[in-house]
Amino acid sequence: MKKRLICFFVLFLLAIAFIIVLFIGGNKYTIRQELYNNDTKLEEYDFTIVQEDEVIKINNKKIVDNEIIFEVESINKGRAFIDVANKDDGNMLYSRVVYVHSFGLITEGSFFGKTKYDIVIPIYIVICILMILLNLIKKYQSSLKNNIYQYKNVLYLGLIIFLSIVLLQNGMAIINNDGLIGNIERFINSFDFFSFVLLPVCFFVSIFVTISNVILIKREGFNLRNTLGIMLGLFFCFLTVIPGFIENFMHGSNLFLDIHNEKGIFIRVFQFIKASILAIVSYLECVLLGTIILSLKASKHNPNYDKDYVIILGCKIQKDGNLTKLLKGRVDRAIEFATKQKEGTGKDIVFIPSGGQGSDEVISEALAMKNYLIENGIKEKNIILEDKSTNTLENFNFSHKLMKKKNANIAFSTTNYHVFRSGLLATGLDIKVEGMGAKTRSYFWINAFIREYIATLYYERKKHLFIILLLLIMILLMVLLLYLSVKYD
């Protein structure tokens, strides 16, 4: 119902804007031109209209506060050129094209150019963006309260970040309004603006991640996974700056692709390519920021002390069957939580160590964790072994089937960087959980988080491709309007 009301209100505002621009004074347009000489008089200028038929006429010529002001009124549909020149020396003060559309609407500069009361266009855009933004914030807060482990939270947060910057940019357009085409140009350039704003951040992150990866490679050895942070940082920086380099190269070259002609097709093709690249970068940066914020929030979350089970997500064990530091951290975090729950509420918790046996492991990960739990004072009756799973999805699926209590309150323990994506997978299985994160080494955490971000992108790739496709279609339509606006000049 709310969606319908919002859509109705947006359409209602659009209808009002349309009526204001088209019917309220649309057949009249006031032109202002600054003068260089304060002592200039109106009689010193010639006003010439070049038109095939009688398209417009000029009314109410005057000079006010060092500006020459005159009003043009539409007569018939068509195009006219207005020249204002000094009578003495013939120097041109003003030369512009105006179009008269259906219903007598006048636009200046281009086919979709400035018109009277077109200030309502940026106001309408700002109101619509603000409404969408407030609705997204409300949805995000509600969704977060219901379940943090939903991928739509990332999309909500990413869009909130992007639309906040777009709102700021378009809010400034109310002061410096330049018509429909100007607002379309501004929207297309918002991707450029967004990526430009985040370029220093990407550059800093790239350096930070590179240093972290160098330390990781030095301590853990070289492999492609340990260079993901470097590659991601370079990817964002490269795609942000490459359109500018290409544009500079093409402007300075004599290629057959002429991007200097504003009425040509190639300049619009390049504009579409540039805007598309920056739109994709902007979108991925928004998703990255949303993922970072939610992952940090999830990793620091402490579940409520009302849990019946805690699933401990397994990972590789040592060759002798003992736990690695990474896996030990997960088990210790679960023991710590169970101890605090017992002390605070008196309620016991059942541990479910989850993880199968790899081809290079002497025992299953679950059994290794069980042995460690018993060594640390956990009674065997409070441990259920799940030793068949081979990945996180199976960890949750197989562990959930072993639970005897229906509608149980479930927690899970994993490493801090892994909490959010693990929760996403559990939510995908319709298993309601609360996660807790065990600390890990900082140089390892950064690169591991990058892996989680890439894995999450891949897991939700269909959603991302759909959103990117919508962005590209919208950019294509707007570039087409820009092309048509000068084609009729």
Side-chain angles (χ1 to χ4, degrees), residues 149 298-299 301-342 347-406 408-429 431-440 444 448 452:
Y149 309 115
S299 69
H301 176 71
N302 196 50
N304 294 322
Y305 294 116
D306 62 350
K307 298 298 178 281
D308 301 300
Y309 300 93
V310 57
I311 302 170
I312 308 172
L313 303 181
C315 62
K316 192 174 180 64
I317 60 175
Q318 296 184 33
K319 292 181 179 179
D320 60 1
N322 290 320
L323 304 187
T324 59
K325 288 183 179 180
L326 195 70
L327 187 52
K328 189 182 292 186
R330 297 181 182 187
V331 182
D332 287 341
R333 182 71 178 89
I335 294 172
E336 177 192 359
F337 176 81
T339 303
K340 288 183 178 179
Q341 176 170 296
K342 181 67 175 177
K347 184 176 182 179
D348 286 317
I349 197 168
V350 176
F351 294 83
I352 305 181
S354 178
Q357 182 177 351
S359 57
D360 57 346
E361 294 174 326
V362 293
I363 57 174
S364 68
E365 295 163 7
L367 182 56
M369 286 188 280
K370 178 182 178 181
N371 294 338
Y372 183 79
L373 286 167
I374 293 172
E375 289 173 8
N376 283 271
I378 305 301
K379 296 178 182 179
E380 189 169 359
K381 68 176 183 178
N382 289 333
I383 303 172
I384 299 175
L385 207 65
E386 189 291 291
D387 58 358
K388 303 298 181 186
S389 57
T390 60
N391 55 49
T392 305
L393 200 64
E394 291 181 353
N395 287 150
F396 284 114
N397 194 18
F398 297 168
S399 297
H400 190 251
K401 290 178 179 178
L402 295 174
M403 297 176 186
K404 297 178 181 178
K405 184 176 180 179
K406 293 183 178 180
N409 294 322
I410 308 166
F412 70 89
S413 179
T414 186
T415 315
N416 49 15
Y417 63 79
H418 193 235
V419 176
F420 184 64
R421 190 166 74 91
S422 300
L424 288 177
L425 295 172
T427 299
L429 293 169
I431 301 173
K432 191 172 182 179
V433 293
E434 281 189 87
M436 63 188 86
K439 293 181 180 179
T440 188
F444 183 82
E452 293 298 304

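Side-chain atoms are counted along with the backbone in the values below, which use heavy atoms only and exclude waters and symmetry mates. Computed from a predicted structure; not experimentally measured.
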A.B. asks: Check Val419, Thr415, Asn395, Leu327 against Leu313 for a side chain to side chain contact (heavy atoms under 4.5 Å, CB included) and give me the one that passes.
C.D. replies: Asn395

A.B. asks: Distance-only, no hydrogens or angles: does the Thr427 side chain make a donor-acceptor pair with backbone N or O of Tyr149 under 3.5 Å?
C.D. replies: yes

A.B. asks: With a 4.5 Å limit on heavy-atom distance, are the side chains of Phe412 and Ile312 in contact?
C.D. replies: no

A.B. asks: Shortest non-hydrogen contact from Glu361 to Cys315?
C.D. replies: OE2-O, 4.4 Å

A.B. asks: Closest heavy-atom contact between Gly321 and Ile363?
C.D. replies: O-CD1, 3.9 Å

A.B. asks: One thing to verify: whether Lys316 and Asp360 come together as a salt bridge, which I'm taking to mean a side-chain N less than 4.0 angstrom from a carboxylate O.
C.D. replies: yes

A.B. asks: Compare every heavy atom of His418 with every heavy atom of Ser422, then report the nearest pair and how far apart it is.
C.D. replies: OG-O, 2.6 Å

A.B. asks: Would you mind checking if Asp306 and Lys347 are paired as a salt bridge, meaning a charged N to carboxylate O distance below 4.0 Å?
C.D. replies: no

A.B. asks: Evaluate side chain to side chain contact (heavy atoms under 4.5 Å, CB included) for Lys370 paired with Ile378, printing each intermediate quantity in order.
C.D. replies: CA-CA 9 Å; Lys370 178 182 178 181; Ile378 305 301; over 6 Å; no

A.B. asks: Over all heavy atoms of both residues, which pair between Ser413 and Ala334 is shortest? Give the atoms and the distance, please.
C.D. replies: OG-N, 3.8 Å

A.B. asks: Any side-chain heavy atom of Leu393 within less than 4.5 Å of one from Leu429?
C.D. replies: yes

A.B. asks: Mind checking whether Lys432 and Ile410 have side chains closer than 4.5 Å, heavy atoms only?
C.D. replies: no

A.B. asks: Between CD1 of Ile431 and NE2 of His400, what distance do you get to the nearest 0.5 Å?
C.D. replies: 5.0 Å

A.B. asks: Apply side chain to side chain contact (heavy atoms under 4.5 Å, CB included) to residues Val350 and Ile383 and explain how you reach the verdict.
C.D. replies: CA-CA 6 Å; Val350 176; Ile383 303 172; over 6 Å; no

A.B. asks: Are Ile335 and Leu373 close enough that some pair of their side-chain heavy atoms sits under 4.5 Å apart?
C.D. replies: yes

A.B. asks: Do you know the tightest heavy-atom contact between Ser364 and Ile317?
C.D. replies: O-CD1, 4.3 Å

A.B. asks: Between CG of Leu402 and NZ of Lys388, what distance do you get to the nearest 0.5 Å?
C.D. replies: 10.5 Å

A.B. asks: Sub-3.5 Å donor-acceptor pair from the side chain of Asp308 to the main-chain atoms of Asn409, do we have one?
C.D. replies: yes

A.B. asks: Please check if any side-chain donor atom of Asn322 sits under 3.5 Å from a side-chain acceptor atom of Asp320, or the reverse.
C.D. replies: yes

A.B. asks: Are the side chains of Met369 and Leu323 in contact, using a 4.5 Å heavy-atom criterion?
C.D. replies: yes

A.B. asks: Quick one, Phe337 and Asn302 - any side-chain contact, counting heavy atoms below 4.5 Å?
C.D. replies: yes

A.B. asks: Using atom types as modelled and distance alone, determine if a side-chain donor or acceptor of Glu394 lies under 3.5 Å from a backbone N or O of Thr390.
C.D. replies: yes

A.B. asks: Evaluate the side chain to side chain contact (heavy atoms under 4.5 Å, CB included) criterion for residues Thr414 and Arg421: first the C-alpha distance (whole Å), next the side-chain angles of each, then the deciding distance (0.1 Å), finally the verdict.
C.D. replies: CA-CA 11 Å; Thr414 186; Arg421 190 166 74 91; over 6 Å; no

A.B. asks: Is the shortest side-chain heavy-atom distance between Leu424 and Phe420 below 4.5 Å?
C.D. replies: yes

A.B. asks: So, taking the atom named CZ in Arg330 and the one named CG in Asn416, what distance separates them when rounded to the nearest 0.5 Å?
C.D. replies: 9.5 Å

A.B. asks: Run the ring-centre check on Phe351 versus Tyr309 and record whether the distance is less than 6.0 Å.
C.D. replies: no

A.B. asks: So, Ser354 and Glu386: side-chain donor and acceptor under 3.5 Å apart, yes or no?
C.D. replies: yes

A.B. asks: Below 4.5 Å, heavy atoms only, C-beta onward: do Val362 and Gln357 meet side chain to side chain?
C.D. replies: no

A.B. asks: Quick check for you: to the nearest 0.5 Å, what is the distance between Asn371 atom CG and Glu375 atom CD?
C.D. replies: 6.5 Å

A.B. asks: Write down the atom of Ala411, the atom of Met436, and the distance for their closest heavy-atom approach.
C.D. replies: CB-CE, 3.8 Å

A.B. asks: Please confirm whether the backbone N or O of Ile349 pairs with a side-chain atom of Gln341, one donor and one acceptor, at under 3.5 Å?
C.D. replies: no

